[in-house]
2 protein chains.
Amino acid sequence: MPKVGMEPIRKAALVRATIAEIGNTGSLDVTVSQIAKRAGMSSALAHHYFGSKEQIFLAAMRHILTLYGAEVRGALAAADGPRGRLIAVIRASFSGGSFRREAVSAWLNFYVMSQIKPEAMRLLLVYQARLRSNLIHDLRPLVGDRAPMLAEGLGAMIDGAYLREALKSGTPDRIRAAEMVLDFLNTELERGA
Amino acid sequence: MPKVGMEPIRKAALVRATIAEIGNTGSLDVTVSQIAKRAGMSSALAHHYFGSKEQIFLAAMRHILTLYGAEVRGALAAADGPRGRLIAVIRASFSGGSFRREAVSAWLNFYVMSQIKPEAMRLLLVYQARLRSNLIHDLRPLVGDRAPMLAEGLGAMIDGAYLREALKSGTPDRIRAAEMVLDFLNTELERGA
DNA sequence: ACGTTTATTGACTCATCAATCAAGAAAACA
DNA sequence: TGTTTTCTTGATTGATGAGTCAATAAACGT
């Protein structure tokens, strides 16, 4: 019973299923059939809409990065002053949308993918550049020349927190993860002031 | 012209080739044939000595962790006082042996592997526990109750630095990476004192 | 009513690879 | 010398999975 205008619906379902399946399996060794099955369709249809497995993966990665970007933008809009904005960016990095188990695991695998697929690398570099830019922008008025180095360290700590969550079983503790990073930030700011 | 006593030599060659090949490819999608070829033997021989691809991977992972452990032990032996020991542990984490491009890339892939293979997870948890234990032991006399939280943060930053190096092309800058983490440590210690 | 576009799948192709096996050749041993 | 053990590989098997294709069917336009 074919309906019309299925394309965006199917694509969205496949993207969701891909993230779930990667998070579940814990690796990129996921077959198109598995993804399609979870999304409720045949593997042939998945190929019909995306053309290749790689395109499906890239769409999933874009989706995760888009979610994250929206989260950060929203948090920044509601924040006040450099310090408030820094806190917002860090909190947003550990917000519910991007810090769910499956998303964290998928994220880790996208790092691996970026070592192989240039397009994935590109996407990841965009994310890193945006994070660094955000951090430096608001660190500069507070710590001056130390801003770039601090941004690097905070960025690394955020990524590392993700990495470590990917290993733990059970629900990620996003409050604790955020507090850990904020704690370091506070110490640095006290010193700078 | 078969010689005798080849087993340890072959195994070592395979382990080295595995790390090189994973680092080179940037993923675990490496065939036994590729590894064997780089190690200068047939794939059948690799299976003969290791039994399965998974065992080859695990041996490679053990090797990397052993290298790292030795590096840390050595650095600790030459260090003095809590502060000196902390610096030693951090520096060792970025020492030449474990921070070469191929090793970093392989390391990242072992994280992925640990999501699938329990034995790999076990190995990684041993590494994490040892790092945490080392850090907390020497942080305690300097910062008291904040030690566990700080250790967590430093550990995350170290892992994050690895993660980020895996992406960059070119030789990893181990001095800079170590300085970044040491910088955070210093700030925290100044505050604690 | 009828051709066209969109949706959908089962069946198939083709390549890849882990793992096995039989067999050869050199050393060790009796 | 002959037998056993160690080392080694080419060839083969068996499974798996990405991507293709032909065919079906519903909606849409005319």
Side-chain angles (χ1 to χ4, degrees), chain A residues 1-22 24-61 106 109-110 112-113 116-120, chain B residues 1-22 24-61 106 109-110 112-113 116-120:
Chain A
M1 31 215 126
K3 293 160 192 173
V4 126
M6 282 281 95
E7 177 156 352
I9 296 165
R10 293 303 199 185
K11 280 192 164 182
L14 282 168
V15 161
R16 251 187 299 120
T18 301
I19 294 168
E21 205 64 30
I22 291 179
N24 209 48
T25 312
S27 90
L28 296 174
D29 281 338
V30 173
T31 70
V32 175
S33 297
Q34 281 169 33
I35 295 171
K37 187 172 183 182
R38 184 183 282 250
M41 70 194 83
S42 74
S43 71
L45 194 54
H47 275 104
H48 173 64
Y49 282 126
F50 276 104
S52 76
K53 187 177 171 175
E54 180 174 347
Q55 290 305 313
I56 301 178
F57 279 169
L58 286 174
M61 191 169 165
N109 278 282
F110 289 145
V112 168
M113 189 160 89
I116 317 164
K117 314 284 182 183
E119 175 65 9
Chain B
M1 39 211 139
K3 293 158 194 173
V4 128
M6 283 281 95
E7 176 155 354
I9 296 164
R10 293 302 199 183
K11 280 191 163 182
L14 284 168
V15 161
R16 251 187 300 121
T18 302
I19 294 168
E21 204 65 29
I22 291 178
N24 210 46
T25 312
S27 91
L28 297 175
D29 281 338
V30 173
T31 71
V32 175
S33 298
Q34 281 170 31
I35 295 171
K37 186 172 184 182
R38 184 183 283 252
M41 70 195 82
S42 74
S43 71
L45 193 54
H47 276 102
H48 172 66
Y49 282 125
F50 276 106
S52 75
K53 186 177 173 176
E54 180 173 349
Q55 290 305 314
I56 301 179
F57 279 169
L58 287 174
M61 190 167 165
N109 278 281
F110 290 145
V112 167
M113 190 160 91
I116 317 164
K117 313 284 181 183
E119 174 65 7

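Everything quoted here is computed from the prediction, not taken from an experiment.
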(message) Go nucleotide by nucleotide along DNA chain D from the 5' end; which of A:G51 and B:H48 gets its closest nucleotide reached first?
(response) B:H48
(request) Rounded off to whole Å, could you give me the CD1-to-P distance for the A:I56 and D:dG17 pair? (result) 14 Å
Could you run down the sub-3.5 Å N/O contacts of the protein with nucleotides 21-23 of chain C?
none

(request) Send over the distance from B:Q55 CD to C:dA19 C1', rounded to a whole Å. (result) 14 Å
(request) Can you tell me the distance, in whole Å, between the NZ atom of A:K37 and the C1' atom of C:dT8? (result) 18 Å
Taking only N/O atoms, report every protein-nucleotides 14-18 of chain C pair under 3.5 Å with atom names and distance.
from	atom 1	to	atom 2	distance (Å)
C:dA18	OP1	B:K53	NZ	2.6
C:dA18	OP2	B:V32	N	3.0

(message) Whole angstroms only, please: what is the CG-P distance between A:L45 and C:dT8?
(response) 5 Å
(message) If I take atom CG from residue B:N109 and atom CD1 from residue B:I19, how far apart are they, to the nearest 0.5 angstrom?
(response) 12.0 Å
(request) Provide the closest heavy-atom pair for B:A59 versus B:V15 in the form atom of the first, atom of the second, distance. (result) CB-CG2, 3.9 Å
(request) Assess whether side chain to side chain contact (heavy atoms under 4.5 Å, CB included) is satisfied between B:I22 and B:F57, documenting all intermediate values. (result) CA-CA 10 Å; B:I22 291 178; B:F57 279 169; 3.8 Å; yes
(message) Please report the distance, rounded to the nearest Å, between OH in A:Y49 and P in D:dG19.
(response) 18 Å
(message) Counting only heavy atoms and a strict 4.0 angstrom limit, can you tell me which residues of residues 7-21 of chain B come near DNA chain D?
(response) B:E7, B:R10
(message) Can you tell me how far apart CE (B:M41) and CZ (B:R10) are? Round to the nearest 0.5 Å.
(response) 4.5 Å
(message) Distance check, rounded to the nearest 0.5 Å: A:L45 atom CG versus A:M6 atom CE?
(response) 10.0 Å
(message) I need the A:E54 CD to A:L28 CG distance, nearest 0.5 Å.
(response) 11.0 Å
(request) Evaluate the criterion side chain to side chain contact (heavy atoms under 4.5 Å, CB included) for residue pair A:M113 and A:I116; output intermediate values, then yes/no. (result) CA-CA 5 Å; A:M113 189 160 89; A:I116 317 164; 5.6 Å; no
(request) Report, as yes or no, whether the 6.0 Å neighbourhood of atom NZ on B:K37 holds more than 12 heavy atoms from other residues, nucleotides or ligands. (result) no
(message) Counting only heavy atoms from other residues, nucleotides and ligands, does the tally under 6.0 Å from CZ of B:R38 exceed 12?
(response) yes
(request) Report the distance from atom CG of B:L58 to atom OG1 of B:T18, rounding to the nearest 0.5 Å. (result) 11.0 Å
(request) For A:F50, report the nucleic acid contact type (base, sugar-phosphate, nothing); a contact means any heavy atom under 4.0 Å. (result) nothing
(request) Would you give the length of the straight line joining atom OH of B:Y49 to atom CG of B:L14, rounded to the nearest 0.5 angstrom? (result) 9.5 Å
(request) Consider the side chain of B:M6, meaning its heavy atoms from C-beta on, and name the nucleotide among C:dA7, D:dT9, D:dT8 that approaches it most closely. (result) D:dT8
